[in-house]
Amino acid sequence: MADCIFCQIVERSLPADVVLESDRSLAFRDLNPTAPTHVLVIPKRHIVHAGTVAPEDADDLADLLVTAQAVADAEGIGGDDRGYRLVFNVGPDAANSVPHLHLHVIGGRAMTWPPG
């Protein structure tokens with residue numbers, strides 16, 4: 001989608017601090033991090049958000065999670081002695097500001113519960 005910021009990042013027409021890339025996913029640092037590690041993992045194929053996911057999106061979602069795990073390991077927050085949070089925001093009440101599915105990988109500090 002030409003007007004989607006994340007699609008433009010995938011196409012490399014907008015810059016991003018890319019952390020990791022697979023055939024189906026792209027991971028890059030969030031511009032407004034909420035923790036020492038805050039990386040967004042997006043499918044390269046445009047999907048609006050988690051509320052619009054369909055069975056035909058299964059391969060993209062699996063890759064999204066595998067890429068998120070690889071990001072956590074590469075950033076030093078994976079493993080049994082550390083930890084991280086994975087977050088999908090859906091819709092305006094969840095502060096989803098970009099209508100392209102994205103998974104937040106957040107870590108590098110102790111988290112509290114419940115979030116926000």
Any side-chain heavy-atom pair of L61 and L101 under 4.5 Å
yes
Which atoms form the tightest heavy-atom contact between A68 and L103, and what is the distance?
CB-CD2, 3.7 Å
Pairs touching residues 71-88 that satisfy side chain to side chain donor-acceptor pair (under 3.5 Å), sequence neighbours left out:
R29-E75
Qualifying salt bridge (charged side-chain N to carboxylate O under 4.0 Å, His left out) pairs with a residue from residues 87-104, counting only residues at least two apart or across chains:
none
Flag yes if M111 and F88 sit in one hydrophobic cluster, no otherwise; membership is Ile, Leu, Val, Met, Phe, Trp, Tyr, and two members link when side-chain heavy atoms are under 4.5 Å apart.
no
Taking L65 as the starting point, is it possible to reach V105 by hopping between hydrophobic residues whose side chains are less than 4.5 Å apart?
yes
Can you tell me which residue pairs pass the salt bridge (charged side-chain N to carboxylate O under 4.0 Å, His left out) test with a partner in residues 31-45, sequence neighbours excluded?
E21-K44, R45-D57, R45-D60
Does V18 sit in a hydrophobic cluster with other residues, and if so which ones, taking ILVMFWY side chains as linked at heavy-atom separations under 4.5 Å, directly or through other members?
I5, F6, I9, V10, L14, L26, F28, L40, I42, V98
Which ILVMFWY residues are connected to V48, directly or by a chain of links, through side-chain heavy atoms under 4.5 Å apart?
none
Do T52 and I47 have side chains that approach each other closer than 4.5 Å (heavy atoms only, starting at C-beta)?
yes
Exercise: identify the closest heavy-atom pair between H46 and P99:
CE1-O, 3.0 Å
Sidechain-backbone polar pair: T67 side chain, L64 backbone, donor-acceptor under 3.5 Å
no
Quick one, T37 and I106 - any side-chain contact, counting heavy atoms below 4.5 Å?
no
Does the side chain of D17 come within less than 4.5 Å of L31's, by heavy atoms?
no
Could you tell me whether the side chain of N96 reaches within less than 4.5 Å of the side chain of V90, counting heavy atoms only?
no
How far apart are the closest heavy atoms of V71 and A27, and which atoms are they?
CG2-CB, 3.6 Å
Contact between C7 and H100 at the side-chain level, heavy atoms closer than 4.5 Å - yes or no?
yes
For H104, what residues pass the ring-ring contact (aromatic ring centres under 6.0 Å, His included) criterion, not counting sequence neighbours?
H38, H102
Might you point out which heavy atoms bring R109 and T34 nearest each other, and give the distance in Å?
NH2-O, 3.0 Å
Smallest heavy-atom separation, A35 atom then G107 atom, equals CB-O, 3.4 Å
For V41, does its backbone N or O pair with a side-chain atom of S25 as donor and acceptor, under 3.5 Å?
no
